[in-house]
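Position 1 is the first residue of the sequence; numbering continues from there.
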Amino acid sequence: MNRKMRYLCLPATLALALLAGISAPASAGSDGGGGAAGPWPPQDTDGKYVSVPDSYYDAYEFQACDTTIKVEAGDEREVKYKGEKKDDGTLVIRFRGDATVDLTRVSDGATIDELDVSGPFTQRIAADGLSAHLSARGPSLVFAMGAADEKAFEDAGLPKAFYFERGRLAGNVVYASVDQMEIVSGEITHNSIRHAKDLCKLLDRAKDDDHKHR
């Protein structure tokens, strides 16, 4: 699955990452963990939440803090999802369940272990796949993937990469094409986040704490 699409770039996190848009169905095969096999996410799961495939927890990277941030799945890996295909062709995918991630800032090795990203997340994808509504509740990690989402965050007074524990962030995005899923425009439609924490400052603090305990 396209990593840029799974970890929502909200004007969302998608986040969860959850943050950059929406995934078109991609062959995942058997996940070995009780989740659905075949195309994923499926068009419909018959109203049931099912386990995400193992590939959902693959490590990934994004650019922030003038460097690369590496993200690896933590010890908590209990995410499930439900897919629902509406009569008008809209695809709604909901994620929920306990999840943590480990972050590493490549430039100096600063780390944050077991960051809770268990906030529920919803993707509502238009029938043509060219637009989507994204909604994430805390605790969630959110980061911009390009100029369009950076501007949406800036307009809302939010950092380019941040973490929040409470509240909800939602927005609409438009993609350049179904194949590339590059976000060309976005707007935040709801922001009830309490105390968004700049990820770069969190990593700075983690680095300082590490030095103090040596």
Has the side chain of D155 got a donor or acceptor atom that lies under 3.5 Å from a matching backbone atom of A152?
-> no

Side-chain donor or acceptor of K207 paired with backbone N/O of T111 under 3.5 Å | no

State, with a plain yes or no, whether a side-chain heavy atom of [X] is found less than 4.5 Å away from one of [Y].
X    : Y    : answer
K70  : F62  : no
L141 : L199 : yes
Y163 : L202 : yes
I193 : E165 : no
I183 : Y175 : yes
V117 : T100 : no
L134 : V173 : yes

Which atom of G138 lies closest to which atom of P120, heavy atoms considered = O-CD, 4.5 Å

For F143 and D149, which heavy atoms make the closest approach, and how far apart are they?
-> O-OD2, 4.4 Å

F164 six-ring centre to R194 NZ/CZ under 6.0 Å and within 45° of normal | no

Could you name each residue pair satisfying disulfide bond (SG atoms under 2.5 Å apart) that touches residues 58-88, not counting sequence neighbours?
-> C65-C200

For R168, the side-chain contact (heavy atoms from CB on, under 4.5 Å) test, sequence neighbours excluded, returns S135, R137, A170, H190, S192

Decide if atom [atom1] of [X] counts as having more than 12 heavy atoms of other residues, nucleotides or ligands within a radius under 6.0 Å.
X    : atom1 : result
Q63  : CD    : yes
D128 : CG    : yes
R96  : CZ    : no

Should Y49 and Y56 be regarded as members of a common hydrophobic cluster, given that ILVMFWY residues are connected when their side-chain heavy atoms come within less than 4.5 Å of each other, either directly or indirectly?
-> no

State yes or no: do V50 and V92 share one hydrophobic cluster built from I, L, V, M, F, W and Y residues joined by side-chain heavy-atom distances below 4.5 Å, directly or via other members?
-> no

Between the side chains of E61 and T68, does any donor sit under 3.5 Å from an acceptor?
-> no

Note: R105-D108 ion pair, threshold 4.0 Å (strictly below) | yes

ILVMFWY cluster membership beyond V174 - transitive side-chain contacts under 4.5 angstrom | V184

Specify whether F153 and F162 have parallel, tilted or perpendicular ring planes, treating 30° as the upper limit for parallel and 60° as the lower limit for perpendicular.
-> perpendicular

Could you give me the CA-CA distance, side-chain angles and deciding distance for K86 and E84, then say whether salt bridge (charged side-chain N to carboxylate O under 4.0 Å, His left out) is met?
-> CA-CA 6 Å; K86 301 291 188 178; E84 180 183 4; 3.1 Å; yes

CG of D116 to CD of E114, rounded to nearest 0.5 Å, is 9.5 Å

